[in-house]
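Encoded as structure tokens, the structure appears first; notes follow it.
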Amino acid sequence: MTGLLIEAMSAEGYRKVTPAYFETTLKTKLTSDPDGVEMLDIIMRDRIMDLSYVHANKTKMNNAVNGVLTSADPNFASYYAANESVALDYVEKLNEFYANN
């Protein structure tokens, strides 16, 4: 029940608070010229959420290159082979989730 309530409040905040903050505070009070307002509109219109970034921690591939470069064994192929099954299993679960929802 708590999770449902938090989700509902988050959804309403996204639908009502975020646009009000954007229009009132950012565009009216904090921006002094039309170019700034246009730039804010471009930013909001063109923003994206990369699902690979959101889910990367679950696959152990989020810092693969950095991890390999800073480790004692800088062999990416062995790192990938060791973590491939975890990543593929998680991607399969994601595919099932999005296919069913």
Side-chain angles (χ1 to χ4, degrees):
M1 189 62 137
T2 302
L4 182 64
L5 181 63
I6 291 171
E7 180 67 27
M9 290 173 64
S10 296
E12 282 303 300
Y14 178 76
R15 282 194 283 274
K16 294 186 178 177
V17 175
T18 302
Y21 167 74
F22 183 75
E23 292 295 327
T24 304
T25 304
L26 292 180
K27 290 173 87 174
T28 306
K29 295 182 180 180
L30 298 177
T31 306
S32 59
D33 63 353
D35 290 338
V37 172
E38 183 181 355
M39 186 58 63
L40 286 171
D41 287 334
I42 291 170
I43 291 169
M44 288 299 284
R45 184 190 67 222
D46 295 338
R47 66 188 174 157
I48 60 168
M49 177 58 71
D50 186 357
L51 290 178
S52 65
Y53 180 77
V54 173
H55 296 289
N57 280 339
K58 304 288 185 183
T59 64
K60 295 188 176 188
M61 294 294 184
N62 57 332
N63 288 322
V65 173
N66 188 37
V68 168
L69 292 175
T70 58
S71 72
D73 179 20
N75 186 341
F76 181 79
S78 64
Y79 180 89
Y80 184 87
N83 294 292
E84 179 181 25
S85 64
V86 173
L88 292 176
D89 289 344
Y90 188 74
V91 169
E92 184 62 34
K93 288 177 187 175
L94 278 177
N95 286 338
E96 288 176 21
F97 174 80
Y98 287 118
N100 294 325
N101 291 313

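Quantities reported herein were computed from a predicted structural model and do not represent experimental measurements.
Side-chain heavy atoms closer than 4.5 Å link hydrophobic residues (I, L, V, M, F, W, Y) into clusters, and following such links, even through other members, never connects M9 to V17. One hydrophobic cluster holds both Y98 and Y90 under the rule that ILVMFWY side chains link at heavy-atom gaps under 4.5 Å. Transitive grouping of hydrophobic side chains (ILVMFWY, heavy atoms separated by less than 4.5 Å) brings V68 and Y80 into a common cluster. The hydrophobic clustering, which links ILVMFWY residues whose side-chain heavy atoms are closer than 4.5 Å, places L40 and Y21 together.
At least one donor-acceptor pair closer than 3.5 Å links the side chain of T28 to the backbone N or O of E23.
Distance check, rounded to the nearest 0.5 Å: CZ of F22 to CG of L30 gives 11.5 Å. Remark: N95 CG to E92 CD distance equals 6.0 Å, nearest 0.5 Å. In this structure, CG on N101 lies 11.0 Å from CD on E96, to the nearest 0.5 angstrom. Here D33 contributes atom CG and M39 contributes atom CE; the two are 10.0 Å apart, rounded to the nearest 0.5 Å.
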